[in-house]
Protein chains: 2
Amino acid sequence: MKEINIQSDKKEHIINVAIELFSTKGFEGTSIRELAAKAGVNIAMVNYYFGSKDKLFEALIENKVAYMKGKLEELVANKSLSEIEKIDIIIESYVDRLLSQPAYHRVIHQELLVRQRESMHHNITSIFNRNMEMVKSIIDAGIKKKVFKKVDPELTMASIVGTINQVMLSKAMCLMLIQKGEDFDPYTDKAFRKRLETHLKQMIHSYLLNN
Amino acid sequence: MKEINIQSDKKEHIINVAIELFSTKGFEGTSIRELAAKAGVNIAMVNYYFGSKDKLFEALIENKVAYMKGKLEELVANKSLSEIEKIDIIIESYVDRLLSQPAYHRVIHQELLVRQRESMHHNITSIFNRNMEMVKSIIDAGIKKKVFKKVDPELTMASIVGTINQVMLSKAMCLMLIQKGEDFDPYTDKAFRKRLETHLKQMIHSYLLNN
DNA sequence: AAATATTAATTAAACGTTTGTTTAATTCAA
DNA sequence: TTGAATTAAACAAACGTTTAATTAATATTT
């Protein structure tokens with residue numbers, strides 16, 4: 001069984017090590033030598049598999065970006081759910097997605113923050129934009145039905161994602177925020193995930209809902 | 001008049017060029033040669049003034065970090081303002097501070113995201129922590145007086161800062177968010193600033209206030 | 001089934017650049 | 001004339017990448 005897709009396994013292993021290193025040292029701050037050493041492969045293997053350091057980075061992004069692709073479209077089209085239920089599901093899935101892959105999302109976050117590789121920057125923003133359109137259409141529908149107040153749909157989206165991103169920004173800051181010791185890991189802790197979900201739902205509910 | 005503090009002027013000029021470059025290319029992604037060229041000085045001048053690239057970065061951070069230092073303490077102690085008025089002032093000053101220096105705060109943001117220079121990371125988080133304590137004390141006071149609901153003070157802070165950070169993350173994404181063209185600059189536009197302030201105040205009001 | 005040929009995976013070494021930093025000489029200002 | 005400011009050149013180290021040789025695995029032929 002081990003023999004099946006050895007190359008893919010090794011490629012994926014390199015990608016996973018790269019995510020870990022890029023997330024804490026940045027793309028430019030990580031050398032191929034360091035990456036190869038930590039992954040336990042020869043320096044030349046990275047270029048052998050991916051062609052270049054830049055292409056490794058592209059492969060890293062595309063490897064996981066498809067995740068949750070059609071899910072939002074399904075959710076919007078679903079007619080058996082109310083608008084606020086849809087918003088709740090979005091909050092839950094965003095929290096789940098970001099907290100379960102903190103290193104990967106920190107890499108994406110970096111790429112959004114700097115503008116070194118313009119095409120990749122564009123890829124990420126356009127994906128985010130599509131998600132934004134979906135959320136906006138849900139909020140607009142809620143406003144039309146007068147179950148939602150006349151809020152700012154775009155900035156509401158920014159508040160949901162921004163709150164989670166703020167917590168994901170730095171483990172050290174997150175620990176300060178929730179007053180825990182260094183050994184505590186907020187991103188795997190179930191109770192913290194629940195706390196974040198509850199806060200977001202309550203805040204967004206009181207902002208969106210009439211009465 | 002020009003002759004007064006030529007060195008400080010030049011140091012500050014280098015710092016300002018560095019902020020611009022670091023914010024779009026990252027610290028590791030910016031070379032001293034590129035920085036010197038853009039600042040119109042010799043390569044050796046950077047080390048002559050700051051000692052090293054790392055120390056330039058430290059100087060860059062400390063140069064502006066003191067800004068708004070005591071203001072929050074004053075605000076908390078002020079007895080002629082209600083809790084919600086204090087929160088509003090905090091929102092206004094955060095929006096103002098972040099939007100008027102987008103490049104600088106993107107550099108800080110990067111340094112929080114990666115953990116290359118541990119001591120600087122620690123400096124930034126501890127400053128943020130002090131601010132957080134202040135906001136928390138205001139919210140706690142509001143809860144005690146029963147003008148605020150029993151909310152999550154820490155995550156409320158995360159929502160305020162996180163919303164602004166989300167908008168500051170990428171100009172391209174911000175433009176998508178607010179559906180404007182490439183030539184529009186959201187960070188200098190007064191109307192956008194007002195829009196962000198209004199959204200934050202309304203959201204936080206409906207979350208915090210009883211009735 | 002064994003031997004051979006072919007392709008893929010892996011390696012150590014070297015490549016030319018670029019990096020941050022330093023030197024030693026020169027210009028400028030007090 | 002003294003000290004600071006500025007320069008061009010050189011430094012070693014680290015960078016991403018390539019090469020050429022070797023080992024391992026797969027396919028083909030006897």
Side-chain angles (χ1 to χ4, degrees), chain A residues 1-61 107 110-111 114 116-120, chain B residues 1-61 107 110-111 114 116-120:
Chain A
M1 274 296 172
K2 263 190 183 174
E3 286 80 12
I4 296 173
N5 261 338
I6 299 182
Q7 168 160 351
S8 309
D9 282 1
K10 215 158 208 171
K11 280 183 88 167
E12 200 138 323
H13 177 237
I14 292 176
I15 286 182
N16 288 331
V17 175
I19 289 174
E20 215 55 51
L21 283 173
F22 291 175
S23 80
T24 52
K25 311 195 133 209
F27 176 73
E28 275 82 14
T30 305
S31 74
I32 292 201
R33 281 168 179 81
E34 189 181 4
L35 167 60
K38 188 160 182 183
V41 299
N42 189 276
I43 328 165
M45 292 309 287
V46 176
N47 281 333
Y48 178 75
Y49 280 134
F50 299 97
S52 70
K53 195 189 177 188
D54 277 289
K55 284 180 186 164
L56 158 66
F57 195 54
E58 286 173 32
L60 184 157
I61 299 287
V107 176
Q110 273 178 56
E111 195 55 22
V114 300
Q116 277 281 61
R117 289 151 291 277
E118 204 63 51
S119 72
M120 226 174 303
Chain B
M1 273 297 172
K2 263 190 184 173
E3 285 79 13
I4 296 173
N5 260 339
I6 300 181
Q7 168 160 351
S8 309
D9 284 2
K10 216 158 208 171
K11 281 182 87 167
E12 199 137 325
H13 177 237
I14 292 175
I15 286 182
N16 287 331
V17 174
I19 289 175
E20 215 55 51
L21 283 173
F22 291 175
S23 80
T24 54
K25 312 194 130 209
F27 176 73
E28 274 83 14
T30 305
S31 74
I32 291 199
R33 280 168 180 81
E34 189 181 5
L35 168 60
K38 188 161 184 183
V41 300
N42 188 276
I43 331 165
M45 292 310 287
V46 176
N47 280 333
Y48 178 74
Y49 279 134
F50 299 97
S52 70
K53 195 189 178 189
D54 277 289
K55 282 181 187 164
L56 158 66
F57 194 55
E58 286 173 31
L60 185 157
I61 300 287
V107 176
Q110 274 177 56
E111 196 54 23
V114 299
Q116 276 282 61
R117 289 152 289 277
E118 205 63 50
S119 72
M120 226 172 303

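Note on naming: letters A, B, ... go to the chains in the order of the sequence lines (proteins, then strands), and numbering restarts at 1 for each one.
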Can you give the donor-acceptor pairs under 3.5 Å from side chains of residues 28-37 of chain A to other protein atoms, not counting sequence neighbours?
from	atom 1	to	atom 2	distance (Å)
A:E28	OE2	A:Q116	NE2	3.3
A:E28	OE2	A:R117	NH1	3.0
A:T30	OG1	A:G26	O	2.7
A:S31	OG	A:E34	N	3.1
A:E34	OE2	A:K25	NZ	2.9

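Sequence neighbours left out, not one pair with a member in residues 14-23 of chain B passes salt bridge (Lys or Arg N to Asp or Glu O under 4.0 Å). Sorted by first and then second residue, the side-chain hydrogen bond (donor to acceptor under 3.5 Å, both in side chains) pairs with a member in residues 50-59 of chain A form an empty list; sequence neighbours excluded.
Looking at A:V41 and A:Y49, their side chains never come closer than 4.5 Å, going by heavy atoms from C-beta outward. Taking the side chain as every heavy atom from C-beta outward, B:N42 and B:Y48 never approach each other to under 4.5 Å. At least one side-chain heavy atom of B:V17 sits under 4.5 Å from a side-chain heavy atom of B:H13.
Less than 4.0 Å separates DNA chain C from at least one heavy atom of each of the following residues of residues 52-59 of chain B: B:S52, B:K53. DNA chain D lies under 4.0 Å from at least one heavy atom of each of the following residues of residues 22-35 of chain A: A:T30, A:S31, A:I32, A:R33. Heavy-atom distances under 4.0 Å link DNA chain C to B:I43, B:A44, B:N47 of residues 39-47 of chain B, given in residue order.
One atom, CZ of A:F50, and another, C1' of D:dG16, lie 15 Å apart when rounded to the nearest Å. D:dG16 atom C1' lies 15 Å from atom CD1 of A:I14, rounded to whole Å. The separation between B:Y49 atom OH and C:dT21 atom P is 17 Å, rounded to whole Å. Put simply, OH on B:Y48 is 13 Å from P on D:dG3, counting in whole angstrom units.
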At a cut-off of 3.5 Å, list every protein nitrogen or oxygen paired with a nitrogen or oxygen from nucleotides 22-24 of chain D, distance to 0.1 Å.
none

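If you take CG on B:N16 and CG on B:D9, they are separated by 10.5 Å, rounding to the nearest 0.5 Å. The distance from atom CD1 of B:I14 to atom CD1 of B:I19, rounded to the nearest 0.5 Å, is 12.5 Å.
Under the ring pair (Phe, Tyr, Trp, His ring centres under 6.0 Å) criterion, A:F57 pairs with A:F22, A:F27, not counting sequence neighbours. With sequence neighbours left out, the side chain to side chain contact (heavy atoms under 4.5 Å, CB included) criterion links A:T24 to B:R115.
What you find for A:A18 and A:L60 is that their closest heavy atoms are CB-CD1, 3.9 Å.
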